K.L.:
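One structure coming up, written as structure tokens, with questions to follow.
Quantities reported herein were computed from a predicted structural model and do not represent experimental measurements.
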Amino acid sequence: MHKVWSFVSRYSVLLIAGAGVALVWANVAPESYHHLVHLPLLTGSPIGAMDAATGQRVLTLHYLVNDMAMAFFFALAGKEVWEAVALKGGPLRGKKALTPLIATLGGMAGPVAVYLGLAAAFGLFGQIAHGWAIPTATDIAFSYLVGRIVFGAGHPAIGFLLLLAIADDAGGLIILAIFYPSGDLAPAWLLLSLVAAFGVWGLANRLPRRLDAGRADRPVSSWVRDRLGFWPYLIAGAISWYGFQQAGIHPALGLLPIVPTIPHADTDFGVFAAGESHRPDLLNRIEHALKPPVEGVLFLFGLLNAGVEFGAISAPTWIVLAALVIGKPMGIFAMGTFAARGLRLGLPEGMTLRDLFVLGCVAAIGFTVALFVASVAFAPGAVQDAAKMGALFSLGASVIAILAGRVLRVGRETRFKTETAGMG
């Protein structure tokens with residue numbers, strides 16, 4: 001657990017540092033800040049944002065970070081989702097996952113209802129309705145950090161929160177792929193991603209294992225793993241990413257089809273479990289190698305996306321914030337209570353309905369993914385900046401969660417209970 005704490009702490013510190021620098025820079029010298037964000041690196045490139053005026057792709061620094069480098073961040077999140085769903089012992093398998101999954105649905109539907117309702121009430125429905133998915137996000141790193149402060153490290157609500165956040169991420173990835181295309185849709189290009197995925201799975205994964213059938217020393221698989229390593233999957237990932245770009249689906253999701261093809265362990269230790277870093281399978285080795293550069297990517301993401309001038313604060317800011325801090329707790333509590341009591345699925349041992357409400361307050365921290373969705377939901381301008389400010393202000397949900405925990409007298413559990421936290 002201390003390694004999990006270290007993992008998310010580093011992510012959070014670097015992301016906040018990047019966002020803090022961006023906020024100061026954008027309000028002190030906005031011209032130079034926006035020049036950096038949209039700095040063109042290559043014009044007429046096969047990769048980059050399409051310039052409607054010239055019909056050419058332009059690779060900018062913003063595109064390099066948001067659409068290319070962030071693909072590795074989403075790959076790490078996708079890896080946890082894949083293991084949680086597909087592997088034996090995965091926390092999103094079986095009856096034990098039903099209550100968190102149903103609560104997740106409430107945690108996504110509640111903010112959407114509040115967002116759209118307030119947009120209509122303010123007379124802004126036609127202007128900002130497209131950003132309905134911004135408040136559906138839960139930031140795994142920040143919610144985990146705040147959850148530990150509120151509940152303590154060993155409280156069963158921590159495991160529940162992690163399951164909810166990872167399921168929320170899975171829903172967010174689906175929403176991004178379906179509802180927020182990066183350009184004109186050309187679904188035929190997705191065949192390129194499928195060919196890359198099935199090709200690398202067949203040639204670098206399945207075939208070596210078939211050739212090793214009945215041989216305890218597994219010479220072919222060992223040779224592929226030791227000599228070729230991650231290179232076949234990196235090449236396949238690049239091809240899949242290009243297929244997503246050409247298909248008009250956000251290319252930051254382009255590595256997700258490759259994740260299940262990488263040789264992996266047979267069982268799951270839990271979401272971001274520390275023990276996985278010592279496993280010899282290629283998927284966990286790749287994850288371990290990716291974590292340090294992804295920390296740097298998140299710093300750059302914060303730097304290039306959080307630079308909003310305070311003058312941009314307007315109605316969409318408060319609508320996004322209200323959707324998170326009101327819609328999340330309401331949705332999670334309502335659907336979680338329905339699952340636990342109405343469907344008799346129950347809550348983890350040692351967790352109460354009071355804990356569930358406070359957990360909903362913790363999950364209202366949208367930040368990272370909310371910023372990302374805001375950047376793709378709206379074109380650059382006043383509305384996007386206002387929505388981003390709402391995502392930034394959602395960090396204030398941490399104060400609300402801590403106060404709610406004190407008022408409702410949530411008991412803190414400092415002993416590590418890995419079996420109830422889903423991390424064992």
K.L.:
Looking at side-chain heavy atoms only, is the closest gap between Phe160 and Leu347 below 4.5 Å?
P.N.:
yes
K.L.:
Measure the acute angle between the ring planes of Phe151 and His155, then classify it against the limits of 30° and 60° as parallel, tilted or perpendicular.
P.N.:
tilted
K.L.:
Can you find a heavy atom in the side chain of Ser375 that is under 4.5 Å from one in the side chain of Lys388?
P.N.:
yes
K.L.:
Indicate the atoms forming the closest heavy-atom contact of Asn27 with Val308, along with that distance.
P.N.:
ND2-O, 3.1 Å
K.L.:
What closest approach, in Å, do Leu203 and Pro208 show between heavy atoms, and which atom pair accounts for it?
P.N.:
O-CD, 3.4 Å
K.L.:
Apply side chain to side chain contact (heavy atoms under 4.5 Å, CB included) to Thr261 and Ile258, showing your working.
P.N.:
CA-CA 5 Å; Thr261 72; Ile258 306 302; 3.7 Å; yes
K.L.:
With rounding to the nearest 0.5 Å, note down the distance linking CG in Leu321 to OG in Ser394.
P.N.:
7.0 Å
K.L.:
Are there over 12 heavy-atom neighbours, none belonging to Arg341, within less than 6.0 Å of that residue's CZ?
P.N.:
no
K.L.:
More than 12 heavy atoms of other residues, nucleotides or ligands under 6.0 Å from CE of Met330: yes or no?
P.N.:
no
K.L.:
Go through the steps for Trp189 and Phe244 under the test ring-ring contact (aromatic ring centres under 6.0 Å, His included), then give the verdict.
P.N.:
CA-CA 7 Å; Trp189 278 97; Phe244 268 60; over 10 Å; no
K.L.:
To the nearest 0.5 Å, what is the distance between CD on Gln246 and CG on Leu192?
P.N.:
9.0 Å
K.L.:
Has the side chain of Thr136 got a donor or acceptor atom that lies under 3.5 Å from a matching backbone atom of Ala133?
P.N.:
yes
K.L.:
Under 3.5 Å, side chain of Thr317 to main-chain N/O of Met389, donor-acceptor pair present?
P.N.:
no
K.L.:
Give the intermediate values and the outcome of salt bridge (charged side-chain N to carboxylate O under 4.0 Å, His left out) for residues Glu83 and Lys79.
P.N.:
CA-CA 6 Å; Glu83 290 184 327; Lys79 181 253 187 190; 3.0 Å; yes
K.L.:
Do side-chain atoms of Trp241 reach the backbone of Asp67 as a donor and acceptor pair under 3.5 angstrom?
P.N.:
yes
K.L.:
Are the side chains of Arg285 and Arg225 in contact, using a 4.5 Å heavy-atom criterion?
P.N.:
yes
K.L.:
Can you name the closest pair of heavy atoms from Thr138 and Ala165 and give their distance?
P.N.:
CG2-CB, 4.1 Å
K.L.:
Can you find a pair of side-chain heavy atoms, one from Leu61 and one from Leu304, that are under 4.5 Å apart?
P.N.:
yes
K.L.:
Kindly compute the distance separating CG (Leu145) from CD1 (Ile140), expressed to the nearest 0.5 Å.
P.N.:
12.0 Å
K.L.:
Strictly by modelled atom types, are Asp168 and Thr104 linked by a side-chain donor-acceptor pair under 3.5 Å?
P.N.:
no
K.L.:
Is the backbone N or O of Leu255 less than 3.5 Å from a side-chain atom of Ser240, with the two atoms forming a donor-acceptor pair by type?
P.N.:
no
K.L.:
Donor-acceptor pair, distance only, cut-off 3.5 Å: does the side chain of Asp355 make one with the backbone of Thr352?
P.N.:
yes
K.L.:
Are Phe372 and Phe301 packed together at the side-chain level, in the sense that at least one heavy-atom pair is separated by less than 4.5 angstrom?
P.N.:
yes
K.L.:
With distance as the sole test, does Gln245 use its side chain to make a donor-acceptor pair with the main-chain N or O of His250 at under 3.5 Å?
P.N.:
no
K.L.:
Rounded to the nearest 0.5 Å, how far apart are CG of Leu176 and CG of Leu253?
P.N.:
5.5 Å
K.L.:
Specify the closest pair of heavy atoms between Pro329 and Leu324, including all atoms of both residues, with the distance to one decimal.
P.N.:
CD-O, 3.5 Å
K.L.:
Given side chains that start at C-beta, do those of Phe142 and Leu15 come closer than 4.5 Å, heavy atoms only?
P.N.:
yes
K.L.:
Between Leu256 and Phe74, what is the shortest heavy-atom contact and its length?
P.N.:
CD2-O, 3.4 Å
K.L.:
Can you confirm whether the side chains of Glu309 and Tyr33 place a donor and an acceptor under 3.5 Å from each other?
P.N.:
no
K.L.:
Stepwise, does the ring-ring contact (aromatic ring centres under 6.0 Å, His included) test hold for Phe179 with His130?
P.N.:
CA-CA 9 Å; Phe179 296 101; His130 191 58; 9.1 Å; no
K.L.:
Do Met351 and Leu359 come close enough that some side-chain heavy atom pair is under 4.5 Å?
P.N.:
yes
K.L.:
Do Asp139 and Thr368 have side-chain N/O donor and acceptor atoms under 3.5 Å apart?
P.N.:
yes
K.L.:
Between atom CG of Leu282 and atom CD of Glu287, what is the distance when rounded to the nearest 0.5 Å?
P.N.:
12.0 Å
K.L.:
Could you report the tightest heavy-atom contact between Gly360 and Lys328, atom names first, then the distance?
P.N.:
O-CB, 3.9 Å
K.L.:
Applying side chain to side chain contact (heavy atoms under 4.5 Å, CB included), run through His264 and Trp82 and close with a yes or a no.
P.N.:
CA-CA 10 Å; His264 51 75; Trp82 159 250; 3.7 Å; yes
K.L.:
Quick one, Leu118 with Trp318, criterion side chain to side chain contact (heavy atoms under 4.5 Å, CB included). Give me CA distance, side-chain angles, the key distance, then yes/no.
P.N.:
CA-CA 9 Å; Leu118 289 177; Trp318 309 119; over 6 Å; no
K.L.:
Could you tell me whether the side chain of Asp212 and the main chain of Arg215 form a donor-acceptor pair under 3.5 Å?
P.N.:
no
K.L.:
Apply side chain to side chain contact (heavy atoms under 4.5 Å, CB included) to the pair Trp132 and Ile175, showing each step before the final yes or no.
P.N.:
CA-CA 10 Å; Trp132 60 269; Ile175 288 172; 3.9 Å; yes
K.L.:
Roughly how far apart are Ser143 OG and Ile365 CD1, rounded to 0.5 Å?
P.N.:
6.5 Å
K.L.:
Quick one, Val200 and Ile262 - any side-chain contact, counting heavy atoms below 4.5 Å?
P.N.:
no
